[in-house]
Amino acid sequence: MPGYIMHMAEANLIMSKMQRKQTAEWKRDFIAGNLLPDTKKKLAKVTSHFWDPATMDRMAISPDLSRFLHKYESMLENPVVLGYYAHLYLDEQFVKAYWPQMATFYDNAGRVREKKENITKVRIGKSGKIVSRDDFFSGAYYYGDYSKLNNYFIEKYQINLNMDYTKIDDCPVVEVDSRDLYQVMQELSAIMSLCDRTKEDQIQVFSKEKLCQFLEEVSESFVQIIC
């Protein structure tokens with residue numbers, strides 16, 4: 001799934017397209033809400049990301065937006081809740097629209113698979129290269145690309161890492177605890193300290209151009225949905 005920086009880039013794109021007055025506090029709360037789903041780790045994301053438990057055996061799990069909206073649609077005027085929804089929407093689109101062009105997953109017999117237990121190999125869409133599943137989800141490929149692109153996204157989408165997102169006034173989403181944003185702030189500080197633009201062209205899985213186009217399209221569709 002997209003990491004903190006990509007979600008913040010998407011949040012900035014959405015705000016730039018919204019036809020409404022946005023105070024500094026509103027923007028802070030929107031971005032904080034956008035970060036909140038990822039304050040939960042591993043299995044706790046079943047709840048924070050509104051996953052359908054029946055899909056937990058998949059390699060790529062998409063949020064069930066209907067579950068979230070059933071509970072919180074009446075609260076979307078709250079920027080924290082709206083930011084939370086934006087996070088889930090990007091994750092859903094990432095799985096459904098971007099993931100298939102990024103990678104294809106196979107078992108030992110060369111059959112396309114979706115369930116984690118059956119997958120052993122991955123074909124990278126960008127290069128056609130086939131690597132083991134463990135290698136794909138490592139610093140050499142998928143997760144490493146996120147780190148290499150962080151500085152690019154911070155500069156391109158003017159991401160403000162100096163704002164204290166822990167100071168939100170209200171968090172109606174009971175699946176998360178806003179106090180956990182303190183840990184997010186620490187992780188964002190670590191990300192900043194490790195940014196290295198010299199490695200941008202060493203990415204193995206992502207295409208900067210296609211990824212930026214995807215974020216642009218998702219932000220456009222999200223704004224159309226909420227307006």
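In this text the structure is predicted, and so the values were computed from the model without any measurement.
The closest side-chain donor-acceptor pair between S132 and D134, if any, does not fall under 3.5 angstrom. Looking at E217 and Q213, their side chains do bring a donor and an acceptor atom within 3.5 Å of each other.
No more than 12 heavy atoms of other residues, nucleotides or ligands shown are found within 6.0 angstrom of CZ on R179.
Look at K40 and D180 and you find a salt bridge, because one of the NZ, NE, NH1 or NH2 atoms lies within 4.0 Å of a carboxylate O, short of that distance. In summary, K71 and E175 engage in a salt bridge, as defined by a charged side-chain N under 4.0 Å from a carboxylate O. In this structure, D52 pairs ionically with R67, as a charged nitrogen and a carboxylate oxygen lie closer than 4.0 Å.
In this structure, K199 NZ and L149 CG are separated by 12.5 Å, a value rounded to the nearest 0.5 Å. If you take CD on E10 and NE2 on H7, they are separated by 8.5 Å, rounding to the nearest 0.5 Å. Distance OG/S48 to CG/D177: 12.0 Å, rounded to 0.5 Å. Remark: I14 CD1 to F30 CZ distance equals 4.5 Å, nearest 0.5 Å. In this structure, CG in L69 is found 9.5 Å from CZ in F50, a value given to the nearest 0.5 Å.
Screening residues 137-151 for salt bridge (charged side-chain N to carboxylate O under 4.0 Å, His left out) gives no qualifying pairs among residues at least two apart or on separate chains. Applying the salt bridge (charged side-chain N to carboxylate O under 4.0 Å, His left out) test to residues at least two apart or on different chains, none of the pairs has a partner in residues 116-133. Residue pairs meeting the ring-ring contact (aromatic ring centres under 6.0 Å, His included) criterion with at least one member in residues 168-199, sequence neighbours excluded, do not occur. Identified under the salt bridge (charged side-chain N to carboxylate O under 4.0 Å, His left out) test for residues 78-107, with sequence neighbours left out: E92-K96, D107-R111, D107-R113.
The backbone N or O of M185 sits less than 3.5 Å from a side-chain atom of S189, completing a donor-acceptor pair. In this structure, the side chain of N12 engages the main chain of Q158 through a donor-acceptor pair within 3.5 Å. Here the side chain of Y85 pairs no donor or acceptor atom with the backbone of G33 at under 3.5 angstrom.
In terms of hydrophobic clustering, with Ile, Leu, Val, Met, Phe, Trp and Tyr side chains grouped at heavy-atom distances under 4.5 Å, F105 and I130 are assigned to different clusters. In the hydrophobic clustering of ILVMFWY residues, with side-chain heavy atoms under 4.5 Å counting as a link, L65 and M56 come out apart. Under the 4.5 Å side-chain heavy-atom criterion for grouping Ile, Leu, Val, Met, Phe, Trp and Tyr, Y4 is connected to L36 within one hydrophobic cluster.
Relative ring orientation between Y98 and F214 is described as tilted, the plane-to-plane angle lying within the 30° to 60° band. Ring geometry for W99 against F94 counts as perpendicular: the plane angle is over 60°, on a 0 to 90° scale with 30° as the lower cut. Under the 30°/60° scheme for interplanar angles, the aromatic rings of F137 and Y143 are found to be tilted.
For E209, the side chain to side chain donor-acceptor pair (under 3.5 Å) partners at least two apart in sequence or on another chain are S207.
Nearest heavy-atom pair, V218 versus S221, reported as atom, atom and distance to 0.1 Å: O-OG, 2.9 Å.
Through direct or indirect side-chain contacts shorter than 4.5 Å among Ile, Leu, Val, Met, Phe, Trp and Tyr, Y106 is connected to V112.
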